[in-house]
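Residue numbers start from 1 in every chain, and the chains themselves are labelled A, B, ... in the order their sequence lines are given, proteins ahead of strands.
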2 protein chains.
Amino acid sequence: MEPHAHSHSHLHPSLDWQQHTLATLSDAGHRKGGARNAVVELLAAQDCALTAQEIDDRLRDGGRAVGRASVYRVLELLTELRLVQKIEVGQGIARYERHQPDGDHHHHLVCDNCGTIEPFEDPSLEEAIEQVSRRLSFAVDEHDVVLHGACSDCREQ
Amino acid sequence: MEPHAHSHSHLHPSLDWQQHTLATLSDAGHRKGGARNAVVELLAAQDCALTAQEIDDRLRDGGRAVGRASVYRVLELLTELRLVQKIEVGQGIARYERHQPDGDHHHHLVCDNCGTIEPFEDPSLEEAIEQVSRRLSFAVDEHDVVLHGACSDCREQ
DNA sequence: AGGGCTGCGAGACTGGTTCTCATCTAGACT
DNA sequence: AGTCTAGATGAGAACCAGTCTCGCAGCCCT
């Protein structure tokens, strides 16, 4: 499905992620499967989080329809293996995005007016979270910051 | 379920909150109503966030059953008036807790194993979030930090 | 006291997510 | 290559938090 992109440069993080993901799945004793591959390939090509519905739709549009159940199954599996991060910003809809192996990640701004979601990142915020995590009796291994407000479009109206 | 704790000292912030809430509702032009009062009274007595289901159940157990729709209506109204904060920590279930007028608030630790939710607070984390908020093109007016991990009970097993 | 408008509650409905189960297939074993 | 079996898949039913509808009740103003 990808006739070009054959330079095996490890410059592109999404390729790294896809290979790392498939390898991890294999190591964990999972067989190969069409649905799983399709979901992994799609996630590798995204910059920000997608909903399960969006994943399902895009795969269908791409000519590789996958059962609803399989989409959720794969996402749950990948989340357990920490290959994907599940994000819930509200409205009762979960979103999923690939979890970078290098720990690099971002958080999300949610416009409570139009529902838009934008990523942002901030090193000192990460630092603060890390410090908090250390002093708690909790074994923190994931965190999620969600800022609610009005996006630049909605605030001026 | 709490037979004591009925001293009417104004030292207790929950009483302040309850009065402030009822006054704000009145100022906003709302009439009094049994369901609303029941929900407000229940929320005032809580230390941490409750789900709509829990609110419904406790009111029913307390002999003041309230319609599902009313619970959600009241919570939505209170959230709009910033008297209550709506929190979504995952599992697609929203939780609600009173929003302190003095701005004092906490965030949440979620145990992904047993589902327990614990509050925590950290001034320097608040500071970091405030700084980030300022430099974004977003008009941030609410934030939410969720740490996922294993609680002290679950980590040792 | 009357009357209109707000608040309330029961139940139908929606939509995201999970469950069930029959079928298919990857990969190991002969 | 053929067989076998557990894991993978997909269609649809089931589930459940949350929303909507609508008729009734009660608050409050005149």
Salt bridge (charged side-chain N to carboxylate O under 4.0 Å, His left out) partners of [range], not counting sequence neighbours, each pair once:
range: residues 122-134 of chain A; answer: A:D122-B:R135, A:E130-A:R134
range: residues 48-57 of chain A; answer: A:D56-A:R60
range: residues 62-72 of chain B; answer: none

Discussion item. Can you list, in residue-number order, the parts of residues 49-58 of chain A that come under 4.0 Å of DNA chain C, counting heavy atoms only?
Written reply: A:A52, A:Q53
Residue list, side chain to side chain donor-acceptor pair (under 3.5 Å) with [X], at least two apart or on another chain:
X: A:S133; value: none
X: A:H99; value: none
X: B:Q46; value: B:R58

For the residue pair [X] and [Y], establish whether any side-chain heavy-atom pair is separated by less than 4.5 Å.
X: B:I55; Y: B:L43; answer: yes
X: B:F120; Y: B:L147; answer: yes
X: B:K86; Y: B:L75; answer: no
X: A:V84; Y: A:W17; answer: yes

In whole Å, what is the span from the [atom1] atom of [X] to the [atom2] atom of [N]?
X: A:L77; N: D:dA8; atom1: CG; atom2: P; value: 8 Å
X: A:Y72; N: D:dC15; atom1: OH; atom2: C1'; value: 13 Å
X: A:R36; N: D:dT9; atom1: CZ; atom2: C1'; value: 10 Å

Discussion item. Tell me every residue that passes ring-ring contact (aromatic ring centres under 6.0 Å, His included) with B:H108, counting only those two or more places apart in sequence or in another chain.
Written reply: B:H106
Residues 24-35 of chain A, side-chain donor-acceptor partners within the protein, below 3.5 Å, at least two apart:
residue	atom	partner	partner atom	Å
A:T24	OG1	A:H20	O	2.7

Response to the item:
Span of DNA chain C engaged by chain A, first through last nucleotide within the 4.0 Å heavy-atom cut-off, is C:dG16 to C:dG27
Worksheet, complete the sentence: Each nucleotide of nucleotides 24-30 of chain D classed B (base within 4.0 Å of a protein heavy atom), S (only sugar-phosphate) or -, in 5' to 3' order, makes --BBS--
Protein N or O to nucleotides 10-12 of chain D N or O, pairs below 3.5 Å:
residue	atom	partner	partner atom	Å
D:dG10	OP1	A:R64	NH1	3.4
D:dG10	OP2	A:G67	N	3.3
D:dG10	OP2	A:S70	OG	3.1
D:dG10	N7	A:R73	NH2	2.7
D:dG10	O6	A:R73	NH1	3.2
D:dG12	N7	A:R68	NH2	3.2

Response to the item:
Closest heavy-atom pair, B:G149 versus A:D141, reported as atoms and distance to 0.1 Å, is CA-OD1, 3.8 Å
